[in-house]
Structure formats: C-alpha cells, structure tokens
2 protein chains.
Amino acid sequence: MLTKSSTELVRQRNSVLVLSVLRRHGALAHTEISDFTRLSSATISAITTELEKAQIIEKSEQQPASGRGRPRVLLRQRRDCGYLIVVIISSDAVQYSLVDYAGKLIDRFSEERSHDPAGAARFVAAVRAGLSRILDRSKISQEKVLLISISSKGLVDSTEPVLVWSPIFGSDQIDFESALRPEWQAKVILDNETLLVAAALGAREEMVKGADFRSLAALSLGHSVGLGIVRRGNQAGQEISAPNFGHMLHMANGGLCRCGTRGCIEAYAGFYAILRSAFEVPLDTIPAKFVPVAELDKIAAKARQGHRVPAFAFRQAGLALGNGLSRMLSLTERMPIAITGPGTRYYDLLRQGIEEGLGQSHIVRMEGMPEIRVVADEQILVFEGHLNRALSVIDEDIVLSGVQGIQASATIQESG
Amino acid sequence: MLTKSSTELVRQRNSVLVLSVLRRHGALAHTEISDFTRLSSATISAITTELEKAQIIEKSEQQPASGRGRPRVLLRQRRDCGYLIVVIISSDAVQYSLVDYAGKLIDRFSEERSHDPAGAARFVAAVRAGLSRILDRSKISQEKVLLISISSKGLVDSTEPVLVWSPIFGSDQIDFESALRPEWQAKVILDNETLLVAAALGAREEMVKGADFRSLAALSLGHSVGLGIVRRGNQAGQEISAPNFGHMLHMANGGLCRCGTRGCIEAYAGFYAILRSAFEVPLDTIPAKFVPVAELDKIAAKARQGHRVPAFAFRQAGLALGNGLSRMLSLTERMPIAITGPGTRYYDLLRQGIEEGLGQSHIVRMEGMPEIRVVADEQILVFEGHLNRALSVIDEDIVLSGVQGIQASATIQESG
DNA sequence: CTAAATTTCTCGACTGTCGAGAAAAAAATC
DNA sequence: GATTTTTTTCTCGACAGTCGAGAAATTTAG
C-alpha cells in the first residue's frame, strides 16, 4: 500500500541523509556534505542549522587551515547527543559495550554465562544487572541511552525483539522488550549474530563497489551454523534477513540435531556433529552440549594426516553445507558467500565437500559456482554490524520523532 | 544508499498514489479520492486537473444524481491513454491479449506452439508475428502500446526481460527486450508465471486483510513445479520473487530431471516424474517431454482405488514438495501456501506426503504447520497478476517520465 | 422560491528546495 | 601593508507542493 508524501517528509528524509553521510565519512564541511548528498548548499545550511539547534550535530573546533580561502567548518555528530548499549550474547559469555552517538567505544566488559539450563529467567536477570552495571560505571543518565542493541545466535522474530529459538535456551522464548521495559525507556532491538556479520560485510562491500553491489550471504561456522543475507533494496537501504539455515532440512530422517529434529544441516556441520561423525558414534545419539575446540583441532590434524574417518566427517559436513547453500541459491539470486566463524580454520577440509554439495544442484550448474571467500575476525564484524544498524536506527528515530521535541527540551535545559 | 528527496518527487508520488487508488476502486469522485489517499481536497484538485490536462484521466459523464447537493463528478482513467499487450506463454500455446489503460480486455487470441525443439529463434519470430497480428486486428497505432507484459514458466532474470531457463527451451536464453526492440518502442517486462499468481493472490489478500497481510507463497503443480513469493515491503508496495523452486535440490544423487540434473524437486513432483515412478521405470531414465493429463488421471484413479505403487508415486511427490516447502520456510518467514495449477486435482493424493514432508523440519515443528489452501483457476490468476503489475508499471512510467511530455504532445495534437 | 446539503474549486499561508550572488576569511601577490 | 584571489558559508528571492478555510456551484427538501 502506497502512502502519501508531503514536504515535511522530504525534509525528514534529507535530514536522515545528511546524518548518514556524516556517519559514513566522519566530520565533513558544508561543501562536502553538499557533494555527497547532491543537495544544494542552501538546503544543507537549512538542515544543519536545524540539527545544530537541536543539539544533534556540532561545529568542530577550527583545524589548522589546510588550503587558502575561507577555512572550512567541519560538522560532526555531538557525542553526548545520546548513547547506545551493545549486548553480544555468545555461547559462553555476554559482552556489554557502551558507545556514544559518534560511534566511539566508551566502556566494555564481558561477563561469563552460567551454564545452568534452568536459565531463561535467570539469564534475563543477569542481562539487566549487566546493563545497570555498565551505566553505573560511566555515570551517564539513563534517559541518554537511546537504544539497546542485542545479538544472539538463533532465531529472532522479524518485528519484535523476541528470541524465538536459540541453541542455549531452545524454545524458551525471551522477550527482551518486556523484560527491560519498566526499567529502561530505550528502544530495544535484537538481531541474529550472523545477520549482523552479513550487514557489516555488505556495508564494506557497498563502500567499495558502490551501486554495483547487489547481495551477499555470510555463513558462520562454529558450534552452530548461521546464515545472514544482505540484499540491496529496490528503493533505499539494504534488506537483511537471518534465516533458520542451521536447522534447515538437509536429509529427511537424518542425524539427530541438538534441536530435537532429525536431519538438520547443523546435525552434519556443527562442531558436535563433526565430532560425532569422526568418532563413528551412531547418528541418533544425543549430541554433546559443548565441544572444546581443541578436541576438534585434534580431529582436523588427523584428517590432514590422511586418516579416512575424520576426513570423511569433514567432507560430510561440507556436503551438508554445500547442499544447503545450493538450496538457498535456488531461492534467491546468485550471490557471493563469505564464510566466517571459528569453523573457518577447517576450511581446507570442508572445501571439497562444500563445492561438491553446491555442484549437485541445477542452479549452480547453470550459473556457475558462486564466489566463496573466507573472512576472519567474526567478532569484529558482529560489533561493526551492531554499530551500522543501531546508529542508523538512532538517526532515523531522532529525526522522525525528535527534531522539534529535542529542540524544545534543549531550550528548557538552557533556560534551567 | 539513500537518495535525496525533493518537492517534485512528492508530487510524483502523490500522483501515482491517486492513479493507483483510481485503479483499485474504479471511477471515483474528488471527495472519495481525498478520503482514500488522505490528501487534502485542494491537492486532489491540483493533481487531477494536471492529469486531466495530460489526457491521462477524464471526467465521466454525469450519472443520475443519487443524493442531494452538488452532484459528484467521477474521475476515471482514459481508456485511450495507452494500451497493454499481455503475452502468456504456456507449454502448448501462446495467448495474446490487448488491454486498454482502464484494464478492459479488447481483443484476445491463442496460437498453438510448434513443438519442434529447434525453436528459440523461430519462437521469437512467432511472438513477433503474434504481436503484429493483435495490433493489426484492433487498428491501434503502435506508439499507443506502452507496455508488453510477458509471462512464462521457468527462470527469469531479475532486472532484464530475459528468460534464463525454461522447461521448453532449456538454457537457450531468450532476450525479449532485444528481440522486439527495433520494431517496438514499448517497454517489455517478463515475469515468471507463478510469480504472477502469487502477486494476484497477494493483492486479493491485501484487499481483505489490509495492513495485516504479510506474505504468501503460491505453489503451482503441473508438468513442472513453480513457486512465487509475495512479501509486503517495509516501505511501500509488495516485493515479489519467483525462485527456481522446481529445480531446487530435493535429494542428492536422486532421480534424473528434465533439466539434466539429478534430484530436483521436479524430478519427484512433476507430472512426468509421477508417471515414471508409477510405472516403476528406473529413476535415471530420461523423462518424457510431455505427459497427457489423461494418463495421469488413470494413475490417480488406481491410487484412489488403493493400488500401492501409484499411491506411493503421489506420496513421494508430496514428500518432495513438503521437504522443499519446509526448506523455503526455513529461509523465509512463516507464510500461508496457496496451491494452484492442474496438479491440484490430485491434492487428495499428495496431501499426506506434503504434510509429512513439511513436518520433518525444525521450523515447522516449532511454528506449526503453515496454512495450506487449494486455489483453482490458475489461468485467471495469471492474467489478473499481469494486469496488476503491468498497469501499475504504466502508471509509474506515465507519471515519472510523462506528465509534462504527454501534456506537450497533447497540446500539439490539439493545435494540429 | 428559499433553505439545506453536498461537492468542487480557489485563495492565502506555510514549508520545502534551488540557484545566484553576497559575505567571510585566509593565502597569494604586488 | 594593501589588494587581489580563492574558497567556503550564508542569505535572498523564485518556484513547487500541501493544507485549511471558505467561496462557489448545484441539487433536493419543504
């Protein structure tokens, strides 16, 4: 359904555009903003003075004039305009980061996760404690926290910040919105971890290729298997999704998965699955909850020495991944695939299987093998994805709901 | 990448909005348009007088005034504003329809398809002849044809009107744009047939549910298997895709498919595959090019009588479909599935397999079985989808490129 | 024939963007 | 040191869009 357009909408959009350009390129002068946005100088003046009055951006102090002519006045986001808390939930710890509106990291710490299975309620309490702690340490008032951005492995609701299924809590749903609501007024968003990796890689790719960038998939290999897809929307921005790839059906009535279903991709390609297969344990054995990476390293070493059974385990994992990816490609357009996560260290062992699995489908035979690249530093990408997404959400919120409101409250503060 | 907004863009969008409302609800009065679009009466005046001057819409002749007060002046699209040719390519015929700008069918005929395999070049020539013929019969000048909307089964490029792969021509690509270009100036669009079915069903659903509508998949069963997905975009309009579902991998190293690959869904669920399986022909036999439906009806009759082998053939087909759908649902959100096409007459035999196949995946076990409905009249839906899509494309094109241009040429015509 | 009802049209106010040129401010030149 | 050049920022008037209010048009009810 189309909706009506109006002149105020135009201003809103262009304001968001200015903020996003500022975010992408750092502090910029009037003229540069005009170049990037293709808006006229007059419009930039109008928008920036408005944003400055609303205390969202500020003129940076004079830098030593580099050329001749009137020295440029750089504009940048005000750091103290608002803050963002990033919560990264991984299998053994939760990391809290406090970031200012300019994207600068202010404080960070990790807390170990209790591995007790009684956990969903207790876990929520731990997160609330962690959030309080990072706020206390920095002496920032709670109203200044505009957004809490959370990530986890598992399946996330597409509209609400609800963790629908996760490797740790299973089907014990966690609704972060209602869990934090009375205490925190900040908006809460929740994303799948691999989705953020894909978002970060997509943003990097768009920086390089510009309008040529079309789409990209990120495959994260580890204890579980995650997939994120970024696609360039037809209108504006990117469209991101994190399907339930790890638990897509690989083979009917196949090996038993941690989720209780048989034949999931993860039941062949997750770390525990490779271990199970390497030790020739029956495929319907309930899999280990947690597998030390050192254990897998040993198996990989044997496989590299030419032992048949461990090599076969990795090959089977590769096949499951390859078949799954080929199925994804049957449902989407052709796109490059970036492999991340701790499992990349075994890529040499997985590769042949992945390629063979991919090659078994019509689409790949027709369009050719997709480009596959291995990308390290998954943790950095997750955080980068958090920032990309969260800060642009903040920008939009500030402009949409905010400019007048904030302006008003600002003048009250000034008069007080 | 965001782009700048301007006041002219506002007018363009609102003009398109007015046209789309007119399209959805038929001839409307000033006030009604204002109600539907939420634009003010003054704006409606401005836009409609502009569109009227440009000869895109017209005031309809007075109808007997129904209430008291000043009688309403109904506005509607001018029929002669432009024309659309719809070309529906099916396995045994090509249907040509000429439609005016108001969506009214003017002329239609079908031509049998020559079944010779040497066909891509000859087929293109036949289409060109068909297009000329429908134009000649109606005495409409070629410039008045604004759009040629083509549909076929098979895989279609996402940006260009290129048929990448089809059950009939295989990988002999057909580029309709360049095939028609010197002769026809009209824009050419090409869509997968099942995509149009999905689009039509999505539009119907949106009529009923309004903003509650989220997404829907259409599964077409016949000689080949097609899938179309409609999703409500986050901003405006619907997002439609037609994945290569029929040739998604069902089972590695499985039955031989018409496409030459092993293990495609179609190699289990296409009509020829059911036949092959019912006659217990080895799965690596090169499948029949074309299967008379009567033949399949016989097998279905036997299955319904309780014969094991034919019943098993349908069950296997259902399993392949169910597994495939479950994989799709692992990659998208939960959505209802509408089954169309000639294969719906065997739904009673397929159903159990489909449901079992769906139930084998984690996502379905977690979210529950998706709603499945059987929808007849696939042909009507295809045409409806053509109209929906094509006419809104025309509306956009007219407004975007057109209003001033057409207005100018209109004044020239008037003065001449 | 007049009043009421209903729809359409018009006018002035407001908010946007844009181009051009004025103003500002530092480096280069005489 | 005064002037010119160069570069950036700011400002002003023109133009395009939407909106609300009220005027104009036109039919029915009484």
Side-chain angles (χ1 to χ4, degrees), chain A residues 2-18 22 27-53 57-76 399-400 403-404 407, chain B residues 2-18 27-54 57-76 399-400 403-404 407:
Chain A
L2 303 170
T3 57
K4 74 169 178 177
S5 245
S6 64
T7 50
E8 295 101 80
L9 243 170
V10 169
R11 166 59 65 93
Q12 280 183 355
R13 280 175 195 275
N14 286 338
S15 297
V16 170
L17 178 61
V18 167
L22 232 42
L28 291 179
H30 196 102
T31 353
E32 293 170 313
I33 298 177
S34 171
D35 288 349
F36 282 127
T37 59
R38 307 200 155 277
L39 290 165
S40 77
S41 164
T43 306
I44 301 297
S45 277
I47 290 176
T48 52
T49 55
E50 194 182 54
L51 291 175
E52 205 187 339
K53 271 201 190 121
I57 62 173
E58 63 187 353
K59 293 197 170 99
S60 91
E61 62 282 8
Q62 305 293 47
Q63 42 167 27
S66 57
R68 65 177 172 183
R70 179 171 173 175
R72 24 181 65 180
V73 178
L74 297 187
L75 297 166
R76 66 153 66 105
V399 169
L400 254 66
V403 176
Q404 306 89 328
Q407 195 167 356
Chain B
L2 304 169
T3 56
K4 73 169 178 177
S5 247
S6 63
T7 50
E8 294 102 80
L9 242 170
V10 170
R11 167 58 66 90
Q12 281 183 356
R13 280 175 196 275
N14 286 338
S15 297
V16 170
L17 178 61
V18 167
L28 292 179
H30 197 104
T31 1
E32 294 170 313
I33 299 178
S34 171
D35 287 349
F36 282 126
T37 59
R38 307 198 155 281
L39 290 166
S40 78
S41 163
T43 306
I44 302 297
S45 278
I47 289 176
T48 53
T49 54
E50 193 183 53
L51 290 176
E52 204 186 341
K53 272 203 189 119
I57 63 173
E58 63 187 353
K59 293 197 171 97
S60 91
E61 61 283 7
Q62 304 292 52
Q63 45 169 23
S66 56
R68 67 177 172 181
R70 179 172 173 175
R72 19 180 69 181
V73 178
L74 297 187
L75 297 166
R76 66 153 66 104
V399 169
L400 256 64
V403 176
Q404 307 89 328
Q407 194 169 355

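The shown structure was predicted, so the numbers you read here are calculated from the model rather than taken from an experiment. Residue numbers start from 1 in every chain, and the chains themselves are labelled A, B, ... in the order their sequence lines are given, proteins ahead of strands.
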**Request:** Please report, rounded to the nearest Å, how far the P atom of dG19(C) is from the CG atom of Leu39(A).
**Result:** 11 Å
**Request:** Sort out for me which residue in Val10(B), Leu9(B), Val16(B) forms a side chain to side chain contact (heavy atoms under 4.5 Å, CB included) with Arg13(B).
**Result:** Leu9(B)
**Asked** Between atom CZ in Arg38(A) and atom P in dT17(C), what is the gap in whole Å?
**Response** 17 Å
**Message:** Any side-chain N or O of Arg11(A) below 4.0 angstrom from OP1/OP2 of dT15(C)?
**Reply:** no
**Prompt:** Do the side-chain N or O atoms of Asn14(A) get closer than 4.0 angstrom to the phosphate oxygens (OP1, OP2) of dT17(C)?
**Reply:** yes
**Prompt:** Can you tell me if Thr43(B) uses its side chain to pair, donor with acceptor, with the backbone of Leu39(B) under 3.5 Å?
**Reply:** no
**Message:** Using a 3.5 Å distance criterion without hydrogens, assess whether the side chain of Lys59(A) forms a donor-acceptor pair with backbone atoms of Leu75(A).
**Reply:** no
**Complete:** Atom CG of Leu17(B) and atom C1' of dG17(D) are separated, to the nearest Å, by 15 Å
**Item:** Short side-chain N/O contact to dC18(C) OP1/OP2 from Ser40(A), under 4.0 Å
**Value:** yes
**Request:** Check every strand shown and say whether Ile44(B) touches a base, only sugar-phosphate, or nothing at a heavy-atom separation below 4.0 Å.
**Result:** nothing
**Message:** Among dT9(D), dG17(D), dC18(C), which nucleotide has an atom closest to any side-chain atom of Thr43(A)?
**Reply:** dC18(C)
**Prompt:** Any donor-acceptor pair under 3.5 Å linking the side chain of Asn14(A) with the backbone of Ser5(B)?
**Reply:** yes
**Prompt:** Have Thr31(B) and Ser34(B) got a donor and an acceptor in their side chains that come within less than 3.5 Å?
**Reply:** no
**Asked** Please give, in whole Å, the distance from dT15(C) C1' to Glu50(A) CD?
**Response** 11 Å
**Request:** Please tell me which of the listed nucleotides, dC18(C), dT15(C), dG20(D), lies nearest to the side chain of Ala42(B)?
**Result:** dG20(D)
**Asked** Base, sugar-phosphate, or nothing for Thr31(B), non-hydrogen atoms under 4.0 angstrom?
**Response** sugar-phosphate
**Complete:** Quick note, Thr7(A) side chain, CB onward, closest among dT15(C), dC18(C), dT17(C) is dT15(C)
**Item:** Residues Thr48(B) and His30(B): side-chain donor-acceptor under 3.5 angstrom
**Value:** no
**Item:** Under 4.0 angstrom between Lys59(A) side-chain N/O and dT9(D) OP1 or OP2
**Value:** no
**Request:** Could you state the atom-to-atom distance from CD1 of Ile33(A) to C1' of dT9(D) in whole Å?
**Result:** 12 Å
**Request:** Using atom CG of Leu28(B) as one end and atom C1' of dT8(C) as the other, report the distance to the nearest whole Å.
**Result:** 15 Å
**Fill in**
With the side chain defined as heavy atoms from C-beta on, His30(A) is closest, among dG17(D), dC9(C), dC10(D), to dC10(D)
**Fill in**
Rounded to whole Å, CD1 of Ile47(B) lies from P of dC9(C) at a distance of 14 Å
**Asked** CG of Leu9(A) versus C1' of dG17(D): gap in Å, rounded?
**Response** 13 Å
**Request:** With DNA chain D as reference, determine whether Ala46(B) or Ala29(A) sits nearer its 5' end, using the nearest nucleotide of each.
**Result:** Ala29(A)
**Item:** Of Ser41(A) and Glu8(B), the one whose closest DNA chain D nucleotide lies more 5'
**Value:** Ser41(A)
**Message:** Any base atoms under 4.0 Å from Ser45(A), or only sugar-phosphate, or nothing? Heavy atoms, all strands.
**Reply:** base
